[in-house]
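What follows is a set of notes on a single structure, which appears directly below.
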Number of protein chains: 2
Amino acid sequence: MTLKEKIKTEEKIILAAEEIFLKKGFDGARMQEIANKASINKALLHYYYRSKDKLFLAVFRSLAPKIFPPVFRVLTTDLSFFEKIEQVIINYINLLKVNPRLPLFIMSELSKKSESIIEIMQETFENMDFNPLQLFKEELQNEIDKGNVINIDYQQLFVNIISLCIFPFVGKPILKIIGFENSEKEYDEFIENRKREVPKFIINSIKISK
Amino acid sequence: MTLKEKIKTEEKIILAAEEIFLKKGFDGARMQEIANKASINKALLHYYYRSKDKLFLAVFRSLAPKIFPPVFRVLTTDLSFFEKIEQVIINYINLLKVNPRLPLFIMSELSKKSESIIEIMQETFENMDFNPLQLFKEELQNEIDKGNVINIDYQQLFVNIISLCIFPFVGKPILKIIGFENSEKEYDEFIENRKREVPKFIINSIKISK
DNA sequence: ATATCGTTTAACCAATTGGTCAAAATATAA
DNA sequence: TTATATTTTGACCAATTGGTTAAACGATAT
């Protein structure tokens, strides 16, 4: 049972650490709180992960791949370009509904602790078995050449798509205040509607009707 | 000179505190560091602002109005709807080029420390002498009625515009990695181009050509 | 000049925090 | 069973941190 228990403990720690770091960030997180959440002694945290830094890096390494994610795998399928855009958006919004704190966490930490974290992020992308941006660029150019899509810069369009998916989650607290009378329910509906509205909005903008 | 000096000290403190809080967030900021940056004794910080919390609230109160900002005052002018959209975007991007850390700061803190900060944010909007979202809603409806613009939900469009402006700044660290080979210069050009590309993108999507 | 007021400082404090250590408990191997 | 290796714990530590205090300083008014 040793090995099994060990994995169990390590896993318990990572899950607890994820939850606390996601909610409070590196600076706001307390080792004691993580230990409590994992139902273990604080010394045991340091037994498995020697320092707060190391523990954080482990957590970050496990979360990093989720933000820029499986979502883009649709690009490798044989759907049409517009269908792919639609699927990416729907998948992305669904992912973020399950992990609403992920983007703010990644971006906050990425903008403070540089070096080591940036490296992890870079490795994460290098380790992907396909290059989303490259695929996107080629497919877009293809559609432009065929006269289906207006001549638009692939980086601009790519960032537009990502922005329209992620920002409503990052900016939720402020958007709720200014536009939704602080109502959680209204905002959830709004997000749900975006699965339809965002693809429409984007395709409207770039599609050439014949 | 007493009064003048006092104002000067208070101002020095707020400026230093803004810089540190913006860069490190509430949890990461140190009172000692703020004191150093303001070239004063740490005890003097507590003389003017009794606690870290109070100081932070003062800083937040002074920064909050900037995020959702003068930028929207164009809505009160007599420009055309499309010109207004264009101006809002250009102004917003210009503002964020000067205060790139502002959005991430506001949103990070807003998503952690609730209550008091959320109240400040709400007051900030209530104290504006015009209601951007309401104006936007009416003008949009007007354009829809005139047949100039497709039938689109004002909340969706409003969030779209804000997303396309803010997110490239919030997500800069990660976007730089995935799409710009970590080049600061390339990314700056990309942002600069957005002043043209984003208005075009939006208007393309909603405008009805006759 | 001096008493009075607000401002500034150095020294200090208590609480928190990340981290250590030696011993206890538990599992594994002989 | 006994010896050995691994895992878990409670007690402890040094450093940091927000915050306090009493004294010094400086300007102003009388």
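Not measured: the values here are computed from a predicted model. Sequence lines set the chain letters: A, B, ... in the order given, protein chains first and strands last, and positions in each chain run from 1.
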| remark: In whole angstroms, the gap separating P of dG18(C) from CD1 of Ile20(A) amounts to 12 Å
| field | Greater than 12 external heavy atoms within 6.0 Å of Lys24(B)'s NZ | value | no
| note | A correct 5'-to-3' footprint of nucleotides 9-21 of chain D, with B, S and - meaning base, sugar-phosphate only and no protein heavy atom under 4.0 Å, is BB------SBBBB
| Under 4.0 Å between a side-chain N/O of Thr9(B) and OP1 or OP2 of dT8(C), yes or no? | yes
| said: Has Lys54(A) got a side-chain atom pairing as donor or acceptor with His46(A)'s backbone, closer than 3.5 angstrom? | reply: no
| field | Spacing between Tyr49(A) atom OH and dT20(C) atom P, to the nearest angstrom | value | 17 Å
| query | Quick check, are the ring centers of Phe72(A) and Phe158(A) under 6.0 angstrom apart? | reply | yes
| request: Compare all side-chain heavy atoms of Leu55(A) with those of Tyr48(A) and state whether any distance is below 4.5 angstrom. | output: no
| query | Are side-chain N/O atoms of Gln32(A) and Asn36(A) paired as donor and acceptor at under 3.5 Å? | reply | yes
